[in-house]
Protein chains: 2
Amino acid sequence: MNTDTELSPSALRIADVAQALVQQVGYNGFSFEHISQAVGMRKASIHHHFPTKVVLGVAVVKRYTQQFEDALGQIDRQFSAPHQRLLAYADLFETTFGHDHRLCVCGMLGAESSSLDEAVNTEVRRFFELNLSWLQRAFQDGQRSGVWHQRHSAQDLAETLLSLLEGAMLVGRSVSQPMGPRRTCDVFLSGVTA
Amino acid sequence: MNTDTELSPSALRIADVAQALVQQVGYNGFSFEHISQAVGMRKASIHHHFPTKVVLGVAVVKRYTQQFEDALGQIDRQFSAPHQRLLAYADLFETTFGHDHRLCVCGMLGAESSSLDEAVNTEVRRFFELNLSWLQRAFQDGQRSGVWHQRHSAQDLAETLLSLLEGAMLVGRSVSQPMGPRRTCDVFLSGVTA
DNA sequence: GTCTATATTGTGATAGAC
DNA sequence: GTCTATCACAATATAGAC
């Protein structure tokens with residue numbers, strides 16, 4: 001299940017660098033040569049671990065999704081209150097963004113999706129569906145316990161919050177004093193409260 | 001002032017195609033060859049009108065910002081109620097997204113910003129600042145007239161809504177039945193209402 | 001303004017030695 | 001697993017004829 005277990009130490013370093021590059025410059029913005037320089041190996045060696053760029057891209061997204069899934073599990077175990085869970089969720093994005101204004105891997109790849117291989121797009125979709133169903137459950141819990149109003153479906157609230165967090169990182173890259181994902185989440189949630 | 005006036009008919013067609021390509025596959029996702037094929041001219045002819053890709057990119061963003069500015073002026077003349085103005089604003093994004101799931105030009109370029117020339121990034125920033133100040137004014141009007149609560153500053157509400165709309169397009173590319181920018185805006189505004 | 005032709009560099013990918 | 005060497009092709013860009 002854990003993709004990392006299958007990766008050799010070198011492959012791990014490559015995947016780390018590739019992920020950072022995706023978050024910084026996007027899939028179409030980096031080459032095997034960039035990875036080569038960052039990781040201190042020749043291009044041919046990168047190809048030994050990941051034969052094609054598509055294979056590398058898919059591996060990066062799968063690993064990222066796995067890490068995210070683990071983080072969501074941790075949140076569930078740590079917090080029971082829906083509001084706390086959502087704030088912890090927003091903090092995942094805040095932490096990523098705080099790291100040199102990196103984007104969410106799948107936010108970046110979602111933007112580029114029209115030019116990507118379907119194998120990559122499929123994994124990106126999986127990431128979003130996973131996030132949406134987790135968020136939907138959190139909103140359902142909040143609505144059932146009466147903490148939030150029920151003007152909108154939990155499904156709509158989930159997609160709205162996810163869009164907000166992804167967008168906050170995107171916009172935050174181009175404004176001088178960005179609020180960041182966490183604060184935009186506060187603004188949104190305070191409006192949802194009953 | 002109007003950049004279009006300075007562009008010859010051929011240059012206009014090129015800019016149109018380039019803008020569509022930016023919205024679909026991003027700045028790093030298209031080449032002069034793609035433009036060449038779409039517009040029916042040779043690569044060298046494209047270079048005659050726009051000597052470098054950066055010059056072309058800057059021209060596309062300037063024109064896009066100008067068009068957006070015009071649209072905002074029209075909204076101001078057509079609607080006086082802040083709520084109506086914001087819904088019309090969201091419809092600008094909805095229309096763009098409805099067109100083959102195209103992204104906002106500056107949303108796409110904002111994501112790619114780390115790999116772009118500063119001349120392009122500067123124009124992208126201008127676009128966002130323009131939008132934020134327009135949104136801020138709309139929220140201020142709504143708060144002064146008592147339509148909305150004042151839990152958050154108009155500035156924060158502006159950046160939150162902008163992030164939401166940009167993010168809704170991004171996420172909308174990778175989910176099966178996207179809400180679209182307009183509906184996410186409805187969800188957000190209903191929470192802001194006093 | 002548009003074309004052909006070409007220069008130059010970058011890119012994804014492979015072959016084969018060590 | 002990593003390397004050197006190389007391929008085929010795509011990218012941005014320029015020179016110069018028409």
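Side-chain atoms are counted along with the backbone in the values below, which use heavy atoms only and exclude waters and symmetry mates. So that the names make sense, note that chain A is the first sequence line, chain B the second, and so on, each numbered from 1.
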(request) Measure the distance from CZ on A:R13 to C1' on D:dG1 and round it to the nearest whole Å. (result) 12 Å
(request) Just compare C:dT2, C:dA13, D:dA13 and give me whichever is closest to any side-chain atom of A:T52. (result) C:dA13
(message) Ignoring hydrogens and geometry beyond distance, is a side-chain donor-acceptor pair present between A:Q66 and A:D70 at under 3.5 Å?
(response) yes
(message) Output the rounded distance in Å from CG (A:L7) to C1' (D:dG1).
(response) 15 Å
(request) Using whole Å, report how far CD1 of B:I35 lies from P of D:dA13. (result) 11 Å
(request) Could you work out which one of D:dG1, D:dT4, C:dT2 sits closest to the side chain of B:S45? (result) C:dT2
(message) Check this for me, if you would: do A:R173 and B:E112 make a salt bridge, where the nitrogen-to-carboxylate-oxygen distance has to be below 4.0 angstrom?
(response) no
(request) State whether A:R126 and A:E129 are salt-bridged, where the test is any N-O pair (Lys NZ or Arg NE/NH1/NH2 against Asp/Glu carboxylate O) under 4.0 Å. (result) no
(request) Name the closest nucleotide to the B:H48 side chain, picking from D:dC3, C:dG12, C:dT2. (result) C:dT2
(message) The side chain of A:S10 is closest to which nucleotide in this list: C:dG1, C:dT14, D:dG1?
(response) D:dG1
(request) Give the nucleotide from the list D:dT2, C:dT2, C:dA13 with an atom nearest to the side chain of A:K43. (result) C:dA13
(message) What's the closest nucleotide to the side chain of B:K53 if the choices are C:dC3, D:dA13, D:dT2?
(response) D:dA13
(message) Using whole Å, what does the distance between atom C1' of nucleotide C:dG12 and atom CG of A:D117 come to?
(response) 14 Å
(message) Heavy atoms from C-beta onward define the side chain here; which of D:dT2, C:dG1, C:dA13 lies closest to that of A:H47?
(response) C:dA13
(message) Please tell me if B:H49 has a side-chain N or O lying less than 4.0 Å from either OP1 or OP2 of C:dT2.
(response) yes
(message) In this structure, how many angstroms lie between the P atom of D:dC9 and the NE2 atom of B:H34, rounded?
(response) 16 Å
(message) Under the side chain to side chain contact (heavy atoms under 4.5 Å, CB included) test against B:Q143, which residue among B:R151, B:Q150, B:H152 passes?
(response) B:Q150
(request) Scan residues 21-33 of chain A against DNA chain C and write down, sorted by residue number, each residue with any heavy atom closer than 4.0 Å; if none is found, say none. (result) A:F30, A:S31, A:F32
(message) Could you tell me how far apart B:I46 (CD1) and C:dC3 (C1') are, to the nearest whole angstrom?
(response) 12 Å
(request) Compare all side-chain heavy atoms of B:T96 with those of B:L92 and state whether any distance is below 4.5 angstrom. (result) no
(request) Could you tell me whether B:R182 and B:D186 make a salt bridge, using a distance below 4.0 angstrom between a side-chain N and a carboxylate O? (result) yes
(message) Without decimals, in angstroms, what is the distance between A:Q37 CD and C:dG10 C1'?
(response) 12 Å
(request) Would you check if B:L116 and B:V124 make a side-chain contact, meaning some heavy-atom pair closer than 4.5 Å? (result) no
